Each structure stands twice: as structure tokens, then as C-alpha cells.
There are 2 protein chains.
Amino acid sequence: MKRHQVTIIDIAKELNISKSTVSRALHGHQDINEQTKKKVLELASRLDYQPNLLATSLVMSKSYTVGMVVPEFLTPFFPSVIMGAQEVMSKAGYNVMICQSNESYEMEVANTKALLASRVDGILASVTRETRNFDHFQALHRKGIPVVFFNRVCEELEVSKVIVDDYEGAFMAVEHLITTGRKRIAHLAGPDSLIISRRRLKGYIDALQKHILPVEEDLIIQYDLTPEKATIYVKHLLDLPNPPDALFAINDPTAIAAMLVIKDKGLRIPQDIAVVGFSNDPASALIEPGLTTVAQPVFDIGREAAYLFLEQVDIDLEEYKPQTKVLQTKLIVRGSSIPHAV
Amino acid sequence: MKRHQVTIIDIAKELNISKSTVSRALHGHQDINEQTKKKVLELASRLDYQPNLLATSLVMSKSYTVGMVVPEFLTPFFPSVIMGAQEVMSKAGYNVMICQSNESYEMEVANTKALLASRVDGILASVTRETRNFDHFQALHRKGIPVVFFNRVCEELEVSKVIVDDYEGAFMAVEHLITTGRKRIAHLAGPDSLIISRRRLKGYIDALQKHILPVEEDLIIQYDLTPEKATIYVKHLLDLPNPPDALFAINDPTAIAAMLVIKDKGLRIPQDIAVVGFSNDPASALIEPGLTTVAQPVFDIGREAAYLFLEQVDIDLEEYKPQTKVLQTKLIVRGSSIPHAV
DNA sequence: AACATTCCCGGGAATGTTCCCGGAAAAATA
DNA sequence: TATTTTTCCGGGAACATTCCCGGGAATGTT
């Protein structure tokens, strides 16, 4: 019907009082008569008054919303992180604006711009696999807007981060393969631009070296994390004159793509080749055999990121010392690495 | 450093011109000298000026953002819909605010309130499994804010909707089971409050009746869509004195939960019991045997919802006639209904 | 009774924009 | 040269809200 939403001025006029009084009534300020307060509250709910957050944010220079930018959310990993963050954020009175960059650097930049335009109070972000330039985050930080990275972080920037112990997780995973008798373990790694790739790769290498196994260049494949490429590279590995007897993948989608190729080729998992993933997606328990993988505390990642934001909001960024939280991972052993495992 | 973001007034002062002129320069209005325009644009980019959307939205009474509220996003269905909507929305110059109600009615109400407070220009929504009261959407509509439902819609409200042909999909699925020799087909249905439950149930019943099979009450189980309950009810069905030889589930997560129970009991799929799901989640292709399911055009659902919003935004809601788009489904046959199928 | 204190309330500035209106200067026409 | 038109710009209201300041009335204190 009416184009115009109910404002405090409408309420004020109706009650023949000033907008200041209405404002005080709605916020439970002390300088207000109980009678008039009651009347205002009554009328407000009768008219279904909804405060205009735009106006409030404008005058307060504070929007009580934070932006969250994730590279993707078709896989349950990032949604879980978001839920964790949302849980603590909403308790603290903040809204969360979710942006999805679709693994595109340009969209990531556009997203941060849009969030900045909406004057969010902070940003929690995980970068795309393409992102090599971090000026857009630097700019936010320079403007005094707290940035917290999680999972896929930017090392150079002096901001708070929450990560999992990728090195430890990868090390455990590979050591597990070694102690169960594997000798030629391949690694499907991510792009060098992502630190998680580098750290997981390091864990892989160190585990091999600890057990005095050779690190062979042609068993290490760095790729861009697209599913199609995963398939191609796994085929390549299997066609090697001396193929690997185990495969450690940077994440579960990659591991699952690998398993499909392997099964398609008629090889047996884990007898002919063992597979281990990373992140314990629900799908890893569904596929047969079950995928051995490194579990991450997904909800806690989001919660911690939110806490790190709350720590620094409302204080001068100058006097805030960025922190890095490292969460622990856990190896989940299933049938893809040990025959007859659950 | 500085708390305060760059505004057009800062630019105006620096250039000794008025804010009006700056505004004109930034928006390419006609009443502007090329020289000054160039100077403004230069300084703006040098200072990394970002327009304050709060102020703009306030004065224009238009935020160029729409809210999207979905019951859940751990499963890829809703994220896919969101991506579809985002695609056409961003082309039209709109931002999308994503809210997730976590299948909680209260959160859904809170979400719509928050979106209203942010003065979104419209809302695309899919309701929770708990939602039986639609006053919060009614209120939006009454305030002149376009609402478009998708997937889980509210029938009573006179707003635009996009759904898939649930009836047809269910009918096809059940007919497929019948023509492949199944006689006692159970149905794990959703709560009566969701229309998709009712329509899929109707498809199930009509398919049975077309092929002159009895509709047995104890083979139809309506439940609240929680995974735990699914497990319990499937066990119950299998323990029946005369157990079913096929199971049609309202969605893939339910079907997959059922498959796990069935396999756990040592029964063979599809020899002992066939299973069919709905929505073709990626997981349905991963599990063994592959899950026969009804595919929905997920991205198109989002796209259509967005189109329906764009149709009615900027016009008087009085003169808009709500539409309902019905998208077609497709049966995907896999090994869970036919032995040795892909 | 005179003064101080408390209790409420209204006025108005400020937030960062957009847009309309009027007007000065420059250019075009007579 | 005088008049009209065009070009360009500044002033100021409006959007919905918060918050500070001042002040009148009621209550309390000496």
C-alpha cells in the first residue's frame, strides 16, 4: 500500500511528542517517563515499526554487520565455518553479510568493495585460489577496518588469522600411509599461492624424510584445484611406468575425484593404491571405501575468527596486536587406506 | 589510521568546489565540465573514495540489495540456487544478502526483521520445515516489499513463486519403481506444512493408483526431515512383518540415510530393496550403488526467482500480478533402483 | 519562602548522499 | 551591442536517526 515505512517521526506526530522522546523510549534511556514510554512502545508495535538501520549506521558510523567472503560454498566446508562465525556474531549483536567469490579474484575484489560501500565494521575472509594480490584487503586495513583471515590466509598482511595445523595434519596423514606399508606416495597439491598448499606439502615432504623415503618430483603435482584437472593428473600418475601405491590429496573433493578415476581404471582401493584426503567432508564417509582424511574443526574456525574480530573492533587498530590461532586437526582412518577399516 | 572514510565533501573541499559538483562528476551527469569531472575522478581514485551506500540508500529509499533467506546451506541445493540468483542479480546491479535460518522458525523471523531493518528492496525466500505461520512475510508484502518464494513456498500468500514440478517428479520416480517390478513401495515424506511434501506425496499416491497398487498407510511415513528421525523410521519399515521392496524418499539426504541403514542391516540394494531420492545432490552419484533420483534445475530456480523479483521491483505492487513458475524435473536412474545401472 | 535538585522533554546539529532550483558566466544569436 | 541561450556551479532541503544542550515543571531541601 504505502510506499513509506513507519519512522519515529510518524510515531512522534501521532503522539504529539518529539522524535527525541520517541528515540529515548525505544532505547530505554533514563530520561523518559514510564507513561510515555509505554505509549510509544505500544504504538510502535501496533504500527509494526522497524528501525531504519541505514540511518542508525550512518549517524553512528557503525553498522553492526561484518562481511564474510568465501571462495565457494557448494562444499560444506565454508558453510560450516560461516555457521560457526554467525553463532558468536549474532550473540554479540552483529549481522553477517555473506559473499561468495566463486574462486574468482575479480569477484573477490568486487565483494570487498561492496562490503566497504555498505560500511561493514569488519571482514572475515578466505581468499580464492587465484588471489595473489592483496591490495584490496590492505586498503581495508588501512582504512581502519578489521580484517580476519581464516583457512586460506594472506601471510604478508599483519592481521589476525585462524588456521588449522596443516603441516601437522599432512604429516600425520603421510606418516599413517608410511607406517601401513606404502613406499611410493604421490601428493596432489594446490597452487603455490595458497599457504595451505605449501604447508601441507611441507608436512608431506618431512614425513617422507623422517622415514627415509625419497622425495620424487614427479610424484608431486601442484594444480589449480579444479575438478577436471584433478582427474587428468590422477590418470597421469596411474599411467606412470612406476605408479604410486598411495595418494595424498590436498582436500577431499580432490581425493574423491581421484578415487573415481582409480575405480574407473579397475584398480582396488586400498589394495592397489591407498588414498587420503583432507577436511573430512560428509561425502568422505559416504563413498566406498570410506575416505581416510584429516578432519578440521570447521565450526571452531568460524567461531575463532569471530572472536578475533570482536577483540579488535571498537579499539584503535594501532594498539591491536594481530594474533594467529592454530587449531588442531585429527586423522580419521577409513577404508581407503586400510582394508576392512570402517 | 584515520577513523573517517573519504566522503564527497572531502573531495569538494580539496578541490574548492561544492559537493553537488562532486556528486555530478561521479555520476556522469550532464551539467558538468569535462575538466572538473576529470579532476574529481582523479582525486577520488587517488584517495580511494568509496561511496557510502548507507547514505545513498537513505536518500534514495532504495538499497539495491535483496535478501535471500534459506533454511540451510550445508547441502549444495540452496547454495546452487543462491548462485543462480546472484548471477542475474549482480548483472542487474543488485547485491544479495544471504541469511540462513538453520531450519528454525524463530531465526527465519529474525532474519526477515534484520533484512527489513537493512531496508532491502525485496526478499527471496524458502521457508523452514517448522514454518506454519507466514505473518512475517505477509508484513513485508504489506509494506510494499516484493517477496518471491522458491522451492519451499507458502501457498496462501499472493506473491510470485518458483517451484519444480514435484508432483510430476514424484510420479515419474514411483512409476519407474513400479515398472521395474516393485510391488510394495514405501514413502518417506516430509511434514504436511511443506507443500513439496504434499505434492510429492500426491505424485506417489497417484502413480500407485494408476498401476492399481494399494496405497498402504503404514508404508507412508511423514517426518520432520531430521537425519536422526530418518534412520529410526527406515529401521521401523525394515522391521515390518511385510517389509517394503522399495523406498521413495522426499529428498537425497533422507534417501542416503536410508541406504546406510539398509546396508548396515545387510540387505542388498536394489535386489532386496530399491531406493529413490529427490534433488540429485552430488553425493547421490558418489554413494554405492548410485542413487536413482529426481534432478531439479537448481541454478534456474535461483535465476527465475531473481527474474520474478526484477519484474516487480520499481513498479506499484498493486498493479503486479503474481506469477508461479514451474520448472521441470528429470529422473536420473542409477544403481539403487536397477542392478548394474551406472 | 527561597533555593537546589531531579525529572522530562523539545530543538537542533550531524551523518553522507541526491536532487531540485536559481543564478552567474560564457557563448550564441539577433 | 543587446538579448537570448547554453553551460556550469553552489545552496539547501530531504532521508531517519542519535545525541547533546538547554530549559520548564515538579519535587526536595534549608
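In this text the structure is predicted, and so the values were computed from the model without any measurement. Naming convention: chains lettered A, B, ... in sequence-line order (proteins, then strands); numbering from 1 in each chain.
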Check your understanding: Quick one: is A:T36 getting a side-chain N or O under 4.0 Å of the C:dC8 phosphate, OP1 or OP2?
Key -> no
Point to revise | N or O in side chain of A:S18 less than 4.0 angstrom from C:dG10 OP1/OP2 | key: yes
Revision key, fill the gap. Rounded to whole Å, the CD1-C1' distance (A:I32 to D:dC19) equals 14 Å
Check your understanding: Going by distance alone, is a donor N or O of one side chain under 3.5 Å from an acceptor N or O of the other, for B:E311 and B:Q323?
Key -> yes
Point to revise | Nearest-nucleotide pick for B:S20, side chain only, options being C:dT17, C:dC19, D:dC9 | key: C:dC19
Revision key, fill the gap. A:K19 has its side chain closest, among D:dG10, D:dT18, D:dC20, to D:dT18
Point to revise | B:T21 side chain near D:dG10 phosphate (N/O to OP1/OP2, under 4.0 Å) | key: yes
Study note, to complete from the structure: Testing D:dA16, D:dC8, D:dT18 for proximity to the side chain of B:D31, the answer is D:dC8
Review point. Do NZ/NE/NH1/NH2 and the carboxylate oxygens of A:D48 and B:K143 come within less than 4.0 Å?
Key: yes
Practice item. Please report, rounded to the nearest Å, how far the P atom of C:dT18 is from the CZ atom of B:R24. Key: 11 Å
Exercise for review: Please check if any side-chain donor atom of A:E108 sits under 3.5 Å from a side-chain acceptor atom of A:T131, or the reverse.
Suggested key: yes
Exercise for review: Just compare D:dC8, D:dA16, D:dC20 and give me whichever is closest to any side-chain atom of A:N52.
Suggested key: D:dA16
Exercise for review: Round to a whole Å and report the spacing from CG of A:L58 to C1' of D:dC15.
Suggested key: 9 Å
Review point. Under 4.0 Å: is that the gap between some side-chain N or O of A:S23 and OP1 or OP2 of D:dT18?
Key: yes
Revision key, fill the gap. Rounded to whole Å, CG of B:L15 lies from P of D:dG10 at a distance of 10 Å
Practice item. State plainly whether the residues B:R152 and B:E72 are in salt-bridge range, i.e. N to O under 4.0 Å. Key: no
Check your understanding: Can we call the ring centroids of A:F134 and A:H141 under 6.0 Å apart?
Key -> no
Review point. Nearest to the side chain of B:I17, which nucleotide is it out of D:dC15, D:dT18, D:dG10?
Key: D:dG10
Check your understanding: Whom does D:dT30 pair with, Watson-Crick or G-U wobble, provided both distances fall under 3.5 Å?
Key -> C:dA1
Practice item. Nearest whole angstrom, please: distance from the C1' of C:dC9 to the CG of A:N16. Key: 14 Å
Exercise for review: Could you tell me if the ring centre of B:F73 sits under 6.0 Å from that of B:F78?
Suggested key: no
Revision key, fill the gap. A:L53 atom CG is separated from D:dA16 atom P, nearest whole Å, by 14 Å
Practice item. Tell me whether the OP1 or OP2 atom of C:dT17 has a side-chain N or O from B:Y49 closer than 4.0 Å. Key: yes
Exercise for review: Return the value, rounded to whole Å, for the distance between atom NZ of B:K13 and atom P of C:dT17.
Suggested key: 13 Å
Review point. Any donor-acceptor pair under 3.5 Å between the side chain of A:R119 and the base of C:dG16?
Key: no
Revision key, fill the gap. In whole angstroms, the gap separating P of D:dA16 from CD of A:Q5 amounts to 9 Å
Check your understanding: Who is the Watson-Crick or G-U wobble partner of D:dG10, with both distances under 3.5 Å?
Key -> C:dC21
